2 protein chains.
Amino acid sequence: MPDSLGTKPPPFVGQVSMKEVARLAGVSPMTVSRALSTPHLVKPETLEQVQSVIRAVGYVPNRVAGSLSSRRTSLVGLIVPSLRNALYAETIQGISDVLQRHGLHLMISDSGYCLEREEALISAYLAQRPCGLILHNTVHTEAARQMLQGAGVPCVETGNLAPHPVDMTVSYSNRAAGRAMAEHLVSRGYQRFGFASLRIGDNERLRERRDGFFEGLRAAGIAIDPAMVLEVGEGLESGSQAFAELIGRDASVQALFLAGDVLAAGAIFECARRGLRVPQDIAIAGSDDNDLMQQMIPPITTVRFPRYRIGVRSAELIVGRLGDETLQPASEDLGFEVVPRGST
Amino acid sequence: MPDSLGTKPPPFVGQVSMKEVARLAGVSPMTVSRALSTPHLVKPETLEQVQSVIRAVGYVPNRVAGSLSSRRTSLVGLIVPSLRNALYAETIQGISDVLQRHGLHLMISDSGYCLEREEALISAYLAQRPCGLILHNTVHTEAARQMLQGAGVPCVETGNLAPHPVDMTVSYSNRAAGRAMAEHLVSRGYQRFGFASLRIGDNERLRERRDGFFEGLRAAGIAIDPAMVLEVGEGLESGSQAFAELIGRDASVQALFLAGDVLAAGAIFECARRGLRVPQDIAIAGSDDNDLMQQMIPPITTVRFPRYRIGVRSAELIVGRLGDETLQPASEDLGFEVVPRGST
DNA sequence: TTGTAAGCGTTATCAG
DNA sequence: CTGATAACGCTTACAA
């Protein structure tokens, strides 16, 4: 996969090695190593001496060598479906905040919602011997599962409650969220529903959310017309289109659940353009709360997921495992919240 | 900085080493190495033999060892001011897309808009011996500059046209963008202006955009009242507040340039709530185009920056340098575009 | 508190 | 086309 990037004498930072620092400081390399990793075990004067040489020559330790020797890197790998999506940004920030506090570094890639690409990435990441792996996905290829299981690297799956986690999970239940939204809408008295989401494909999270929604409706004795179920692309524009399509198919529809991305906001914009009143003429609910949902006119009823917290807990589980390898596989359900607003 | 994460016998993926694979395949480790990196240099039958052992035992090469030996990693470091911000997401995606194509991996952190934290991150990243570094920032501490210069690692600065790049730059001119927006608004006939941005602090990009705006107004013989210049927090809500504050200070203001984040959209929402007509009662312009700006009612005039392209070109410059170390420092201006819409 | 010795698992190099 | 050998720059383990 990696194409060759030239084979000339490669660039390298280390003009100065630990050995050289040691020589200049008149100590052994081991003492320099200690001065860096366990300064309290070095005599103050020696420490001072070493540190001054380090500063003088601008020595930057080589973690590649260090990692090989100690058999431990400071890299945590993260694979998300998409980097563009603001959705994942919150989680990434949570992960990053925790890792940074612990001197760990985040390696990140996107699978483009493709399981085969995820598999390739997992393999490439394992080659870097990361000290942890976080996957925003709970469905993997068989090969990927095997690699993960065999690797013995702490691994957190997130984005959905995984029934059979490879190792650890931190998430919320998309199915329950969908159900809860159905219950909310039913409780408001709506009877005729429409549903749109991003393309589901391999996306277990969306599938669950949708199925949960249908389940909730069924529980209330309501069936949704298959013609009123849509998959569309990303972006506000798609939300507008989804709205147009659904209302075109059944003008008497009373409530739409537009699950994912900012589809619901796009629908509200479309309503405004058409002069439709929300929720009097039609109710609209979304998922993934953010300040746009809150600021829209009317503000949009959504399901809120604790995305930042999920990032934080995912990273914390990795860090915890590093500190204590006997920690058992954990599965955390961080829940969700239906936020009722003016749009329903 | 890294706090100790336990010192027990560390976890490791490599149940199987190259040596072991070699033994099982009845060849030397070097042949296994070649089978992996330069398969065309290995006799087909030997290759087949080695590959089948690799599959059988699930061997995952250890890139840490490989990197140490070859003195070359496949890691590119990226430091952005914030991971949350959708702004950077586009650029990150561009970088990631290119790196992935070349078998490189992205290490990412956020500096939280803090130069000292950026410095610490640069140092930590250099310790990983990355094959490239991308900084979404052009102003650094003196120590950071020195490290970067001494490191000899390909480095791209972005986010603003750097007058004195450490190595390479890929960007657009925030100053020119500010000026262009001033010219646009002046050309529409507005005379009394207000300006709000996120907190500027060490953020050279925002400072330049603001100064460019003032410069453009001055060039048209227009002065902006210092009381009509504001700094606010992030988010739509802040945009609403900025609007409220500015209009409160001078009800006769005709046009607002809300530079940064989604401030302009927040202002438009506030107008809607107050029943003000845009642009008849007041014109509003923003920066950083995205589909929200486009979908708002009215759609918002903005400056559009080629954020995805910037990511792509940044990564390409790194990759290019890896392939040919004699490539000279490049500085690319990818420009920007004022997108006139209904809000002005 | 410091030092010595022995790797860590690859790849560069050169010989065959 | 294949192999032997010597690094790569650090840390672990043990000794002094």
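Chain letters run A, B, ... following the sequence lines, proteins first and then strands; every chain starts at 1. Since the structure is predicted, the reported quantities are computational estimates derived from the model, not experimental observations.
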Note: B:Arg145-B:Glu142 ion pair, threshold 4.0 Å (strictly below): no
Euclidean distance, atom CG of residue B:Leu68 to atom P of C:dC8 [Å, nearest integer]: 13 Å
Distance in angstrom units between B:Arg72 CZ and D:dG9 P, rounded: 15 Å
A:Arg71 side chain near C:dG9 phosphate (N/O to OP1/OP2, under 4.0 Å): yes
Touch class at under 4.0 angstrom, heavy-atom based, for B:Ser37 against every strand present: nothing
What does the list of N/O pairs under 3.5 Å between the protein and nucleotides 12-16 of chain C look like, with a distance for each?
none

N or O in side chain of B:Ser17 less than 4.0 angstrom from C:dC8 OP1/OP2: no
Gap between atoms CZ and P, on B:Arg63 and C:dT11 respectively (whole Å): 7 Å
Reported CD1-to-CD1 distance for the pair B:Ile92 and B:Ile310, which is rounded to 0.5 angstrom: 13.0 Å
D:dT11 OP1/OP2 closer than 4.0 Å to side-chain N/O of A:Ser33: yes
Short side-chain N/O contact from A:Ser28 to OP1 or OP2 of C:dT4, under 4.0 Å: no
Working for side-chain hydrogen bond (donor to acceptor under 3.5 Å, both in side chains), residues A:Gln128 and B:Ser74: CA-CA 9 Å; A:Gln128 308 283 341; B:Ser74 53; 3.1 Å; yes
Distance in Å, A:Ile134 CD1 paired with A:Ile95 CD1, rounded so as to fall on 0.5 Å steps: 4.0 Å
A:Met18 CE to D:dC8 P, straight-line distance once rounded to whole Å: 15 Å
Nucleotide C:dG7, atom C1' - distance to CG of B:Asn62 in whole Å: 14 Å
Nearest-angstrom distance from the residue atom CD of B:Gln49 to P of D:dG3: 12 Å
Pairwise distance CE(B:Met30) to NZ(B:Lys19) - rounded to 0.5 angstrom: 15.0 Å
Student check: side-chain heavy atoms of B:Asn137 and B:Val139 closer than 4.5 Å: yes
Any B:Tyr59 side-chain nitrogen or oxygen under 4.0 Å from OP1 or OP2 of C:dT10: yes
B:Thr31 side chain near D:dG3 phosphate (N/O to OP1/OP2, under 4.0 Å): yes
Value in whole Å for how far the C1' atom of D:dC10 lies from CG of A:Leu36: 11 Å
Euclidean distance, atom CD of residue B:Glu20 to atom P of C:dC8 [Å, nearest integer]: 13 Å
